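Note that the coordinates shown come from a computational prediction; the quantities given were computed from them, not determined experimentally.
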Amino acid sequence: MTAIAVSIPDDIIMNQIYFIRGHKVMLDRDLAKLYGVETKQLKRQVSRNLDRFPEDFMFELSKEEFEKWRSQFGTSNLADKMGLRYAPFVFTEQRKNDDLFKPA
């Protein structure tokens, strides 16, 4: 299978990066969208390939972090952000996340 190079504009990526626990991170759903997969598929790939990544390449937001993140959107009805029922996992820049979808 031949890999296809895709270029994503910096402004799109920069708008999806948050600073949490001293790390630049992306939410699981935003990263999944960049890969063109569902969030549950991304999480499934991660759980199947945990041995490929350092321990700190992802973490789940605490309840407090999740509420603080959601409150940043005020009272606007941003269904895309406020509709989350569970705290998302976030992925750090510790290692290229491209490894998620490469064969072992």
Peer 1: Which heavy atom of Ala87 sits nearest a heavy atom of Leu61, and at what distance?
Peer 2: CB-O, 3.3 Å
Peer 1: Looking only at non-hydrogen atoms, find the nearest pair between Glu65 and Ile20 and report the distance.
Peer 2: OE2-CG2, 3.9 Å
Peer 1: Sequence neighbours excluded, which residues qualify as side chain to side chain donor-acceptor pair (under 3.5 Å) partners of Arg44?
Peer 2: none
Peer 1: Is there a chain of hydrophobic side chains (I, L, V, M, F, W, Y, each step under 4.5 Å between heavy atoms) that links Phe66 to Phe19?
Peer 2: no
Peer 1: Report the residues that fulfil salt bridge (Lys or Arg N to Asp or Glu O under 4.0 Å) with Arg48, sequence neighbours left out, ordered by chain and then residue number.
Peer 2: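 Result, salt bridge (Lys or Arg N to Asp or Glu O under 4.0 Å) vs Arg48: none returned.
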Peer 1: As an exercise, state the distance from OH of Tyr18 to CE of Met26, rounded to the nearest 0.5 Å.
Peer 2: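 Those atoms lie 9.0 Å apart.
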Peer 1: Nearest 0.5 Å, what's the CG-CE distance between Leu31 and Met58?
Peer 2: 11.5 Å
Peer 1: Please list, chain by chain and in numerical order, all residues satisfying salt bridge (Lys or Arg N to Asp or Glu O under 4.0 Å) with Lys40, sequence neighbours excluded.
Peer 2: Glu38
Peer 1: Are any side-chain N or O atoms of Asp28 and backbone N or O atoms of Phe89, one a donor and one an acceptor, separated by less than 3.5 Å?
Peer 2: yes
Peer 1: Before giving the answer on side-chain contact (heavy atoms from CB on, under 4.5 Å), spell out for Leu34 and Gln16 the whole-Å C-alpha distance, their side-chain angles and the decisive distance to 0.1 Å.
Peer 2: CA-CA 10 Å; Leu34 288 176; Gln16 297 175 343; 3.9 Å; yes
Peer 1: Find the distance between CD1 (Ile17) and OG1 (Thr92) and round it off to the nearest 0.5 Å.
Peer 2: 11.5 Å
